[in-house]
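These notes concern the structure reproduced below.
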Amino acid sequence: MLELAIANREFLAPYDTSRAGDYYTLERQRERIVDPARKHSWLILDKGEPVGFVGLSGVVRGPLQLAILSYWVDERHNGRGLCTRAVAEVVEFAFDELALHRLEAGTLPDNLASQRVLEKNGFERYGYAKRYLLIQGEWRDHVLYERVAD
């Protein structure tokens, strides 16, 4: 995961929140992925090779039963359907194994590839959030998507 994050640092920068200097350390990556009560993380594999990440974070229990979906794939592996397939598996896990009711995701308005991943997986656009997330020091708008368990 660390090697992938470092290799894709520049590629992901336009879409990613600002990262503290220790983000690209093994210790920080371990801390980031281990919190089974509030987040779940998986590597995306292509022929056994790690090529990306998909995760659920901000898991809320009680009457809401919600998680936030995030994902990315290595620049060299973009456009091959890897994220679409990985998201499909995580959606199934979220609704079946975790018994969540709702998943949400947000994308930058110009990130059409990410929006296609969500739409292919049954997510529907439900809103537009102005100045939603701080990315590289700038508050950026996001298109919001949701999927509710069937």
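Since we're looking at a predicted model, the values are computed, not measured. Along the sequence shown, the residues carry numbers beginning at 1.
- The two atoms that bring Phe95 and Arg147 nearest to each other are CZ-O, 3.6 Å, heavy atoms only.
- Between Val59 and Lys39, the closest side-chain pair of non-hydrogen atoms is not below 4.5 Å.
- Atom CD of Glu49 has more than 12 heavy atoms from other residues, nucleotides or ligands within 6.0 Å.
- Rounded to the nearest 0.5 angstrom, Tyr145 OH and Leu103 CG are separated by 15.0 Å.
- Distance CG/Asn78 to SG/Cys83: 7.0 Å, rounded to 0.5 Å.
- By the 30° and 60° cut-offs, the orientation of the rings of His142 relative to Tyr132 is tilted.
- Between atom CG of residue Leu133 and atom CH2 of residue Trp139 there is a gap of 7.0 Å, rounded to the nearest 0.5 Å.
- Between Leu108 and Arg140, some side-chain heavy-atom pair lies under the 4.5 Å cut-off.
- Scanning all heavy atoms of the two residues, the minimum distance from Trp72 to Leu4 falls at CH2-CB, 3.7 Å.
- Arg80 contributes atom CZ, which lies 4.0 Å from atom CG of Asp46 (distance to the nearest 0.5 angstrom).
- Side-chain atoms of Leu66 and Glu104, non-hydrogen and from C-beta on, do get closer than 4.5 Å to each other.
- Residue Leu100 holds its CG atom at 5.0 Å from CZ of Arg61, rounded to the nearest 0.5 Å.
- Phe53 and Ser41 get closest at one heavy-atom pair: CE1-CB, 3.5 Å.
- Between Arg102 and Glu146 there is a salt bridge, with a side-chain nitrogen of the basic residue lying less than 4.0 Å from a carboxylate oxygen of the acidic one.
- The minimum heavy-atom distance between Ala105 and Leu69, with the atom names listed, is CB-O, 3.7 Å.
- One side chain, Asp141 or Tyr128, offers a donor N or O that lies under 3.5 Å from an acceptor on the other.
- For the atom pair OG1 of Thr84 and CD of Glu119, the computed distance is 10.5 Å after rounding to the nearest 0.5 Å.
- No side-chain heavy atom of Asp74 sits under 4.5 Å from any side-chain heavy atom of Ile44.
- Here the side chains of Gln115 and Val143 are in contact, with some heavy-atom distance below 4.5 Å.
- In this structure, Leu56 and Ile68 have side chains that are not in contact, with every pair of non-hydrogen atoms separated by 4.5 Å or more.
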